[in-house]
2 protein chains.
Amino acid sequence: MKSSNNNDARYFSIDKYSCSVEATIDVIGGKWKSVIIYYLLDGKKRFNELKRLNNGITQRMLTLQLRELEADGIIHREVYREVPPKVEYSLTEFGQELRPLILMLKSWGMNNTEKVIENRSKYTNKLK
Amino acid sequence: MKSSNNNDARYFSIDKYSCSVEATIDVIGGKWKSVIIYYLLDGKKRFNELKRLNNGITQRMLTLQLRELEADGIIHREVYREVPPKVEYSLTEFGQELRPLILMLKSWGMNNTEKVIENRSKYTNKLK
DNA sequence: ATTATTAGTATATTTATTGATACTATAGCA
DNA sequence: TGCTATAGTATCAATAAATATACTAATAAT
């Protein structure tokens, strides 16, 4: 889940995992990646389209996250040599294999967020 | 995915999500949570047991993550008033609902980590 | 001539996460 | 008497993630 631009560090770190759950989290974890992948499930998107969809993400963060996903082979970056620039991002075949996982993240969230909010507020009150 | 000890902040932040994928990530994301939940899938565990299983986690981090999972209603904390102290952590019924998701994280990692490592090293070489 | 647009990069700064180390209480054991 | 074990807490330092802001090039529209 590093957002460094030192790809060597990422490369050497992934195989030190003791549990493969960690490896998956390294690929889709962090604040933005799984949401970016979610929006790419229904087809290619341009940079600013993704920026609008991921409410509040900065250009810098979006660029960093997209580069990491690209490095991992999850997304493809297609550059059109036009002015103004046009770059399209899409899931690779490998990235498509994340579909069931991302959809499960989505549906768990839809079904259980209310309950989590409720639990958190109870816990907070108990502490008082 | 905050690890602050300001529970109000967590409470107020979760419902600002534009996509429910974000909400799920907030519950199971971060470096340790999903792995902790994974180890709890096969039954209750004591604090130091979890510490040994989560290779390299510090006591402080383990405590913080467990408290957040408890606040969200994912795990139950059972304190035995003994000396030396004994505390057992287990999944709640609500936490059990994460089982399919965690198992999918596990299997995706098992099936695809090799490929990710390969992709990362190719990408790194391409940059040179 | 000015302004808007796109997909970024560069730089600096703030905030969050993670880690290292030392410390606690009390019972049991040698 | 001193050592071990457990489940932490407290404090401080280091690292990583996230944000804010300004900047770029080239064209097309106003």
Side-chain angles (χ1 to χ4, degrees), chain A residues 1-10 12-14 16 22 25-26 28-36 44-70 75-90 127, chain B residues 1-10 12-14 16 22 25-26 28-36 44-70 75-90 127:
Chain A
M1 236 167 342
K2 297 187 187 71
S3 275
S4 78
N5 25 25
N6 181 341
N7 288 285
D8 289 319
R10 295 187 77 218
F12 287 123
S13 69
I14 195 171
K16 71 167 197 311
E22 268 183 271
I25 287 297
D26 192 81
I28 64 158
K31 192 174 177 182
W32 307 105
K33 282 182 182 176
S34 56
V35 184
I36 291 170
K44 61 190 175 194
K45 298 272 180 298
R46 295 181 64 178
F47 184 87
N48 273 356
E49 226 172 330
L50 286 172
K51 186 162 174 271
R52 275 186 294 272
L53 289 168
N54 286 265
N55 210 279
I57 195 171
T58 58
Q59 284 181 314
R60 178 177 144 80
M61 282 310 296
L62 183 54
T63 301
L64 287 173
Q65 304 304 306
L66 289 171
R67 290 295 140 79
E68 289 193 5
L69 288 169
E70 192 193 358
I75 65 173
H76 171 69
R77 179 169 179 266
E78 186 73 32
V79 183
Y80 297 82
R81 301 206 113 293
E82 300 176 2
V83 166
K86 175 176 172 184
V87 179
E88 277 178 351
Y89 292 92
S90 55
L127 295 183
Chain B
M1 234 171 344
K2 295 186 188 74
S3 275
S4 77
N5 25 24
N6 181 341
N7 288 286
D8 289 319
R10 294 188 78 217
F12 287 122
S13 69
I14 196 172
K16 69 166 201 309
E22 269 183 272
I25 288 296
D26 191 79
I28 65 158
K31 194 175 176 182
W32 307 105
K33 282 181 181 175
S34 56
V35 185
I36 292 170
K44 59 189 174 194
K45 298 271 180 298
R46 294 181 63 178
F47 184 87
N48 273 355
E49 226 173 329
L50 286 172
K51 187 163 175 267
R52 276 186 293 273
L53 289 167
N54 285 266
N55 211 278
I57 195 172
T58 58
Q59 286 181 313
R60 178 178 144 78
M61 283 311 296
L62 184 53
T63 300
L64 287 173
Q65 303 304 305
L66 288 171
R67 288 297 139 76
E68 290 194 5
L69 288 169
E70 193 195 356
I75 64 173
H76 170 69
R77 179 169 178 267
E78 185 73 31
V79 183
Y80 297 83
R81 300 205 115 290
E82 300 176 4
V83 167
K86 176 175 169 184
V87 180
E88 278 177 352
Y89 292 91
S90 56
L127 295 182

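In what follows, chains are A, B, ... by sequence order, proteins preceding strands, each numbered from 1. Every value quoted in this text rests on a predicted model; they were computed, and no experiment measured them. Keep in mind that the numbers below use all heavy atoms, side chains included, and drop hydrogens, waters and symmetry copies.
Between the NZ atom in B:Lys31 and the CD1 atom in B:Ile36 there is a gap of 12.0 Å [rounded to 0.5 Å]. Separation of atoms CD1 (A:Ile57) and CD (A:Gln65) is listed at 6.0 Å; rounding is to 0.5 Å.
The CH2 atom of A:Trp32 sits 9 Å away from the C1' atom of D:dA18 (whole-angstrom rounding). Atom CE in A:Met61 sits about 19 Å away from atom P in C:dA12, given to the nearest Å. Here the P atom of nucleotide D:dG8 and the NZ atom of B:Lys45 are 16 Å apart, to the nearest Å. For B:Asp26 and D:dA17, the CG to P distance is 17 Å, given to the nearest whole Å. Between B:Asn48 atom CG and D:dA5 atom C1' there is a gap of 9 Å when expressed in whole angstrom units. Protein atom CZ of B:Arg67 is 17 Å distant from nucleotide atom P of C:dT17, rounded to whole Å. The nearest whole Å value for the distance from the NZ atom in A:Lys86 to the P atom in C:dA7 is 9 Å. Atom CG of B:Leu62 and atom C1' of C:dT17 are 15 Å apart (whole Å).
The A:Pro85 side chain lies nearest to C:dA7 when the options are D:dA18, D:dT9, C:dA7. Counting only heavy atoms from C-beta on, B:Thr58 has its side chain closest to C:dA20 among C:dA7, C:dA20, D:dT9. Distances were taken from every side-chain heavy atom of B:Leu64 (C-beta onward) to each of D:dA7, D:dA22, C:dT18; the shortest belongs to C:dT18. Among the nucleotides C:dG8, C:dT18, C:dT6, the one closest to the side chain of B:Arg60 is C:dT18.
Side-chain N/O atoms of B:Arg52 include none lying less than 4.0 angstrom from OP1 or OP2 on D:dA7. For D:dT19, one of the phosphate oxygens OP1 or OP2 lies less than 4.0 angstrom from a side-chain nitrogen or oxygen of A:Lys31.
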Please test B:Leu66 against B:Leu50 for side-chain contact (heavy atoms from CB on, under 4.5 Å), starting from the C-alpha separation and ending with a verdict.
CA-CA 10 Å; B:Leu66 288 171; B:Leu50 286 172; 4.0 Å; yes
Working note: A:Leu69 + A:Lys33, criterion side-chain contact (heavy atoms from CB on, under 4.5 Å); need CA distance, chi angles, decisive distance, verdict.
CA-CA 8 Å; A:Leu69 288 169; A:Lys33 282 182 182 176; 4.0 Å; yes
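The minimum heavy-atom distance between A:Ile25 and B:Ser34, with the atom names listed, is CG1-OG, 3.3 Å. The minimum heavy-atom distance between B:Leu62 and B:Phe47, with the atom names listed, is CD2-O, 3.5 Å.
The closest side-chain heavy-atom distance from A:Arg67 to A:Thr63 is below 4.5 Å.
Across the helix from C:dA1-D:dT30 to C:dA30-D:dT1, the helix axis at one end is tilted relative to the axis at the other end by 10° (nearest 10 degrees, each axis from five pairs).
The residue from A:Glu88, A:Glu78, A:Glu49 that alone fulfils the salt bridge (charged side-chain N to carboxylate O under 4.0 Å, His left out) condition with A:Lys44 is A:Glu88. If you run side chain to side chain contact (heavy atoms under 4.5 Å, CB included) between B:Lys51 and each of B:Arg46, B:Lys45, B:Gln59, only B:Gln59 comes through.
Taken residue by residue, residues 77-84 of chain B places heavy atoms nearer than 4.0 Å to DNA chain D at B:Arg77, B:Pro84.
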